[in-house]
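Scroll down for the structure; my scribbles are underneath it.
Numbers for residues simply follow the sequence, beginning at 1. Every value quoted in this text rests on a predicted model; they were computed, and no experiment measured them.
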Amino acid sequence: MEADASVDMFSKVLENQLLQSAKLVEEHLDSEIQKLDQMDKDELEHLKEKRLEALRKAQQQKQEWLSKGHGEYREIPSEREFFQEVKESKKVVCHFYRDSTFRCKILDRHLAILAKKHLETTFLKLNVEKAPFLCERLRIKVIPTLALLKDGKTQDYVVGFTDLGNTDDFTTETLEWSSDILNYSGNLMEPPFQSQKKFGTNFTKVEKKTIQGKKYDSDSDDD
């Protein structure tokens with residue numbers, strides 16, 4: 001009987017909370033509608049113009065990104081081009097790869113998808129055999145490695161497939177979640193479903209961080 005009473009009490013509390021939340025949302029909507037009703041013709045025209053201007057700026061930004069090669073996953077031939085790309089783009093994801101490493105080809109497929117989705121970011125790939133100086137400077141020891149750069153500085157790395165669930169079957173969303181500089185639309189503190197299966201529900205964005213330079217799994221090549 002006590003258990004039933006506790007459940008009933010909890011249900012009533014939850015119901016009251018939901019009613020309060022619905023009431024707050026309704027009051028907010030009423031307030032916004034009232035503001036619109038009170039606007040005169042000039043104010044509505046000004047609001048419309050501001051929104052149109054925001055759309056124009058967004059379109060201009062999109063065109064600027066596309067003119068710089070955003071939207072495509074591109075290979076660069078040498079270290080010189082790497083520095084030029086980093087200089088011209090606010091956000092850069094660079095895949096350091098080797099032709100003989102199978103997992104690099106898996107990353108290629110996902111990065112091509114993300115490049116079309118995240119126009120704000122430049123997606124590149126660079127053969128490690130053509131970039132000995134960069135590999136030493138960035139301490140690239142495991143292939144594949146993604147270097148994540150923002151404002152010309154390295155922010156983070158995705159090293160091997162450890163952060164992706166130690167599986168070749170990770171989803172594109174898992175890679176997106178693991179790449180800190182991308183504008184991930186999901187919950188940053190919870191990994192996508194596939195990562196949760198591998199790591200458990202307590203695995204968080206903070207806990208997934210790793211130490212650059214350590215060899216994480218035997219399937220990745222040590223450079």
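Under the 4.5 Å side-chain contact rule for hydrophobic residues, V128 and F133 share a cluster. Placement of I106 and V158 within a single hydrophobic cluster is found when ILVMFWY residues are connected by side-chain heavy-atom separations under 4.5 Å, directly or transitively.
Y157 has its side chain within reach of L138: a pair of non-hydrogen atoms, C-beta onward, lies under 4.5 Å apart. Residues C94 and L146 form no side-chain contact, since every pair of their non-hydrogen atoms from C-beta on lies 4.5 Å or further apart. The shortest side-chain heavy-atom distance between F96 and N127 does not fall under the 4.5 Å cut-off. In this structure, I140 and L134 have side chains that are not in contact, with every pair of non-hydrogen atoms separated by 4.5 Å or more. Using a 4.5 Å cut-off on side-chain heavy atoms (C-beta onward), L114 and L175 make contact. Looking only at side-chain heavy atoms (C-beta outward), Y184 and L182 stay at 4.5 Å or farther from each other.
When the side chain to side chain contact (heavy atoms under 4.5 Å, CB included) test is applied to Q155, the partners found at least two apart in sequence or on another chain are K150, K153, I181. Residues satisfying the side-chain hydrogen bond (donor to acceptor under 3.5 Å, both in side chains) test with E75, not counting sequence neighbours, are Y97. Residues passing the salt bridge (charged side-chain N to carboxylate O under 4.0 Å, His left out) test with K117 are E176, sequence neighbours excluded. Residues forming a side-chain hydrogen bond (donor to acceptor under 3.5 Å, both in side chains) with S78 (at least two apart in sequence, or on another chain): E81.
With a 6.0 Å radius and a threshold of 12 heavy atoms from other residues, nucleotides or ligands, K105 has its NZ atom above the threshold.
Remark: of the listed residues L149, L111, L124, L111 is the sole one forming a side-chain contact (heavy atoms from CB on, under 4.5 Å) with V93.
Between the CG atom of L107 and the CZ atom of F102 there is a distance of 11.0 Å, given to the nearest 0.5 Å.
Residue pairs that meet the side-chain hydrogen bond (donor to acceptor under 3.5 Å, both in side chains) test with at least one member in residues 84-95, sequence neighbours left out, are H70-S89, Y73-H95, R74-E85, Q84-E88, S89-T122, K90-D151, K91-N183, H95-D108. Sequence neighbours left out, the pairs with a member in residues 106-132 that pass ring-ring contact (aromatic ring centres under 6.0 Å, His included) are H110-F170.
Although no hydrogens or angles enter the test, the distance criterion places no donor-acceptor pair under 3.5 Å between the side chain of T101 and the main chain of R103. Using a distance-only test at 3.5 Å, with no hydrogens or angles considered, no donor-acceptor pair links the side chain of E129 to the main chain of R98.
In this structure, S179 and L148 approach most closely via the heavy-atom pair CA-CD1, 3.7 Å. Looking at every heavy atom in both residues, T145 comes nearest to G160 through OG1-N, 4.5 Å.
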